Amino acid sequence: MGMKHNLSTKGLYVGVGVSFTITATCFIIILFLYSRDWIILGTAVVFSLIFLVIVILLLLLLRKKLLASFESLDSYIDDMVNGRGDLWFNVESETLMGKFIYKLKRLYEIIQNNKNRIKEEKQSIQGIISDISHQVKTPVANLKMYNSTLLERQLPIEKQREFHVLMETQIDKLDFLMQSMVKMSRLETGIITLSVQPAPVYDTIGLALGGIVLPAGKKNIKITVKCNPSLLVPHDKKWTSEALFNILDNAVKYTPPGGRISVKVEQWETTTKIDIADTGRGIPEQHLAQIFKRFYREDEVHDVSGVGIGLYLCREIISRQDGYIQVKSKVGKGSIFSVFLPNKRQF
């Protein structure tokens, strides 16, 4: 590579020198034939030599600058290939090379961002797999134990029925866990894209309430809704109802019989607030920052069914619509989950 470069440079110099010599010689001969003056001829030769030297010096300077620029580019490309994270680009120059380096800098930033995104997705997938493995162990172990007991012992019909009920409970837990995992993984990996369109919030709340009417009725929990039926807010109706259902489902689970759950919607200047309040056991203040973590459950609520995915899914769904959630709670008094959705669609 270096030999070819040297040969091409020498060829350039030789070509320029030969071309200039032939042109200058022809010019001097024509000048002498017309003037027949040796002084004019000598002056022409001297100026030609001076001009040739200037051209050669300019070529040498151009070569030096080109070599420095290509060495700089070569260094940049080597650093990019080696994955240096602290790479500095000089983009202050307004020259053509400066513009080229700026484009190279943008390319490097895109490569680094894609690399970081792939790394984060890989870590996320590894986390999901680890969580799945951890969460599935308990119900699978229980199913094996119940099945082994039924196979190895001669139990009365009533006792067998009791074990079958226990097994069905564990199967339901596995089914719920798998469905939640599928939803969670699809959201995190971008397989599901939310369709944010103006839609009545009242209808979305109705869809969410449909999943808790029966369990709330069994506990004699009173549910009230205060929302303008004609209020339109940009949101994904299906997934937002899923998020609201997860909050309402928790409210039903942790509210004692005879309690109350209220849903109130207010439209502000830039956002619409959906308050879901309950008269449940409440959440200790030190746990408020952790309740939206994946698979998080308080030690005090392990007697209540659940795997700790609902609120995590809720936060993911709302945040992907440029919204957010706030929580206020007092132990023994209940909790208020406030969901905020922007009034204008974010592009």
Side-chain angles (χ1 to χ4, degrees), residues 125-188 207-223 241-261 278-284 287 290-314 316 331-332 334-335:
I125 292 171
Q126 289 175 342
I128 291 174
I129 293 173
S130 176
D131 290 336
I132 291 173
S133 175
H134 177 73
Q135 293 295 322
V136 166
K137 281 181 181 179
T138 301
V140 168
N142 289 338
L143 281 172
K144 285 183 177 180
M145 181 182 67
Y146 298 149
N147 186 61
S148 177
T149 302
L150 288 171
L151 289 174
E152 295 175 0
R153 298 183 185 180
Q154 293 292 333
L155 299 175
I157 298 298
E158 288 300 320
K159 200 66 176 177
Q160 290 183 23
R161 188 186 301 276
E162 182 181 335
F163 270 88
H164 284 134
V165 170
L166 291 172
M167 291 176 72
E168 185 177 9
T169 302
Q170 297 301 312
I171 292 171
D172 289 341
K173 184 175 181 179
L174 277 175
D175 180 58
F176 174 77
L177 180 63
M178 290 300 106
Q179 290 183 26
S180 299
M181 288 291 186
V182 169
K183 294 175 185 176
M184 181 177 65
S185 62
R186 285 179 175 176
L187 277 173
E188 290 192 348
L207 284 174
L209 289 171
I212 66 157
V213 170
L214 288 177
K218 290 179 180 179
K219 297 179 70 174
N220 196 27
I221 295 174
K222 183 180 179 181
I223 301 174
S241 66
E242 173 81 21
L244 297 178
F245 164 76
N246 288 331
I247 298 175
L248 290 165
D249 186 51
N250 277 352
V252 172
K253 286 178 180 178
Y254 301 121
T255 297
R260 298 185 308 277
I261 296 174
D278 62 59
T279 57
R281 65 173 70 191
I283 306 167
H287 294 164
Q290 299 176 314
I291 59 175
F292 291 102
K293 290 182 179 179
R294 190 167 55 201
F295 298 113
Y296 174 79
R297 299 196 75 204
E298 296 178 44
D299 295 334
E300 297 84 0
V301 299
H302 282 294
D303 57 321
V304 181
S305 62
V307 293
I309 297 180
L311 290 181
Y312 171 81
L313 276 174
C314 180
E316 287 292 306
V331 176
S335 305

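This chain uses plain numbering: 1 for the first residue, then up along the sequence. Here the structure is a predicted model, which means the values were calculated and not measured.
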Practice item. Assess whether side-chain contact (heavy atoms from CB on, under 4.5 Å) is satisfied between Ile223 and Ile212, documenting all intermediate values. Key: CA-CA 10 Å; Ile223 301 174; Ile212 66 157; 3.7 Å; yes

Check your understanding: Which atom names give the shortest non-hydrogen contact between Ala251 and Ile261, and what distance separates them?
Key -> CB-CD1, 3.7 Å

Review point. Are Asp278 and Tyr254 side-chain neighbours, meaning at least one heavy-atom pair lies under 4.5 Å?
Key: no

Review point. Between CZ of Arg153 and CG of Leu150, what distance do you get to the nearest 0.5 Å?
Key: 10.0 Å

Revision key, fill the gap. Closest non-hydrogen contact found for Arg260 with Thr279 is N-OG1, 2.9 Å

Exercise for review: Return the minimal non-hydrogen interatomic distance between Ala208 and Leu248, and the atom names on each side.
Suggested key: CB-CD1, 3.9 Å

Practice item. Taking atom CG of Leu214 as the centre, report whether more than 12 heavy atoms of other residues, nucleotides or ligands fall under 6.0 Å from it. Key: no

Check your understanding: Just how far is it from atom CD1 of Ile283 to atom CG of Leu311, taken to the nearest 0.5 Å?
Key -> 7.5 Å

Review point. Measuring from Leu244:CG to Asp249:CG, what's the distance to the nearest 0.5 Å?
Key: 12.5 Å

Revision key, fill the gap. So CG of Leu151 and OH of Tyr146: to nearest 0.5 Å the spacing works out to 15.0 Å

Check your understanding: With a cut-off of 6.0 Å (strictly less than), are more than 12 heavy atoms of other residues, nucleotides or ligands near NZ of Lys222?
Key -> no

Check your understanding: Any idea which heavy atoms bring Leu313 and Asn246 closest together, and the distance?
Key -> CB-ND2, 4.0 Å

**Study point:** Any donor-acceptor pair under 3.5 Å from Ser148 side chain to Lys144 backbone
**Key:** no

Review point. About how many Å separate CD1 of Ile221 and NZ of Lys253, when rounded to the nearest 0.5 Å?
Key: 12.5 Å

Exercise for review: Would you check if Val331 and Pro284 make a side-chain contact, meaning some heavy-atom pair closer than 4.5 Å?
Suggested key: yes

Check your understanding: Which atom names give the shortest non-hydrogen contact between Leu155 and Gln160, and what distance separates them?
Key -> O-NE2, 2.8 Å

**Study point:** Intermediate values then yes/no, side-chain contact (heavy atoms from CB on, under 4.5 Å), Gln290 and His287
**Key:** CA-CA 5 Å; Gln290 299 176 314; His287 294 164; 3.9 Å; yes

Revision key, fill the gap. Shortest non-hydrogen pair, Ser335 vs Gly282, comes out as OG-CA, 3.7 Å

Point to revise | Rounded distance (nearest 0.5 Å) linking atom CD of Glu168 with atom CG of Leu143 | key: 11.0 Å

